[in-house]
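Atoms within a ligand are numbered from 1 in the order they appear, just like the ligands themselves.
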Amino acid sequence: MNASPAVTEVDPTLRARLAARIRDVPDFPSPGVLFKDITPLLADALAFRDCVDALAAPWRAVKLDTVCAIEARGFIFGAALARALDVGFVPLRKAGKLPAAARGVDFQLEYGKARLEVHADALAAGARVLLVDDVLATGGTLAAAGELMRGLGAEVVGAAVLIELDFLKGRARWPAGTPLQALLHY
Ligand code: AMP
């Protein structure tokens, strides 16, 4: 088992096939936002399978304990990745949703504030965590999730997202030494 993921190039044909299943929805949820709708990809059995396989590939030889994913669309890929990588799954939820004692982090979104919470006992000290979400935009959500995980004593081994919106420079908010893998770039 390795400490870091393998650098794997995503096959351009696969990339094009997945990109063809992402629907752009202008002005959703607010004017000026081009929403990347993943539901056509999820509905396509082969595209969804190949997408999960490609997201998992760099991490197959990495020692991981848990996949942690961000509500809500991150759960779809996160749970599938946890299964593919044979590790457990921990949900990072929006404020007030978790039933047992929780820890949280407040952060700034492009417009307004948000909060992510996790069960206080969800991770063992030193647990090696892979963070998962669907889209990296301004990077605030993923950075806050990393902070929350580290606050619980976990080691964030890396992050995997389906889509990175390069022009928003969200990667700059992610720790430079921690691998962040994206399948599709816009
Ligand atoms: P950010 O904190 O700006 O990186 O935003 C990331 C979160 O917002 C992710 O959980 C995404 O699901 C969602 N998100 C942000 N921008 C978009 C977009 N253009 N299309 C789809 N989801 C988005």
Is the closest basic N to carboxylate O distance between [X] and [Y] below 4.0 Å?
X   : Y    : answer
R73 : D133 : no
D65 : R128 : no
R93 : E71  : yes

Notebook entry, point to check: How does I163 reach ligand 1, if at all, at less than 4.0 Å between non-hydrogen atoms: by side chain, backbone, both, or neither?
Noted result: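 I163 to ligand 1: no contact under 4.0 Å from either part.
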
Notebook entry, point to check: Of the backbone atoms (N, CA, C, O) and the side-chain heavy atoms from C-beta on, which set of D133 has a member under 4.0 Å from an atom of ligand 1: side chain, backbone, both, or neither?
Noted result: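 Within the 4.0 Å criterion, D133 contacts ligand 1 through side-chain atoms alone.
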
Next item on the list: Would you check if there is a donor-acceptor pair between the side chains of S4 and N2 at a distance under 3.5 Å?
Entry: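 Checked: N2/S4 side chains show no N/O donor-acceptor pair below 3.5 Å.
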
Next item on the list: Grab the two heavy atoms, one from L136 and one from G139, that are nearest each other, plus how far apart they are.
Entry: CD1-CA, 3.7 Å

Note to self: Please give me the minimum heavy-atom distance between Y186 and F167, naming the atom from each residue.
What the structure shows: O-CD2, 3.6 Å

With heavy atoms of [X] as the reference, note each atom of ligand 1 found under 4.0 Å away.
X    : value
T138 : 1 (P), 2 (O), 3 (O), 4 (O)
G140 : 2 (O), 4 (O)
D134 : 9 (C), 10 (O), 11 (C), 12 (O)
L165 : 19 (N)

Note to self: Heavy-atom contact check, 4.0 Å cutoff: does L168 meet ligand 1?
What the structure shows: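 No heavy atom of L168 comes that close to ligand 1.
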
Check: Can you tell which of I22, D134, L18 makes a side-chain contact (heavy atoms from CB on, under 4.5 Å) with I163?
Finding: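 With I163 as partner, I22, D134, L18 yield a single side-chain contact (heavy atoms from CB on, under 4.5 Å), made by I22.
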
Checklist line | Close side-chain approach of E117 to L148, heavy-atom, < 4.5 Å | finding: no

Considering only the protein, which heavy-atom contact is closest to [atom], and what is its distance?
atom                    : result
atom 22 (N) of ligand 1 : R73 NH2, 3.3 Å
atom 2 (O) of ligand 1  : T141 OG1, 2.5 Å
atom 20 (N) of ligand 1 : K36 N, 2.9 Å
atom 19 (N) of ligand 1 : L34 O, 3.0 Å
atom 15 (C) of ligand 1 : A137 CB, 3.6 Å
atom 17 (C) of ligand 1 : V135 CG1, 4.0 Å

Margin query: Below 3.5 Å, N or O to N or O, backbone or side chain included: is there any such pair between F35 and ligand 1?
Written below: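 For ligand 1, there is no N or O atom that lies under 3.5 Å from one belonging to F35.
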
Check: Is there a nitrogen or oxygen of G139 sitting under 3.5 Å from a nitrogen or oxygen of ligand 1?
Finding: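 So ligand 1 has an N or O lying under 3.5 Å from an N or O of G139.
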
Next item on the list: Please confirm whether K113 makes a cation-pi placement over F107, using NZ or CZ under 6.0 Å from the six-membered ring centre and within 45° of the ring normal.
Entry: no

Item checked: R103 side chain vs G151 backbone, donor-acceptor pair below 3.5 Å ->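 Yes.
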
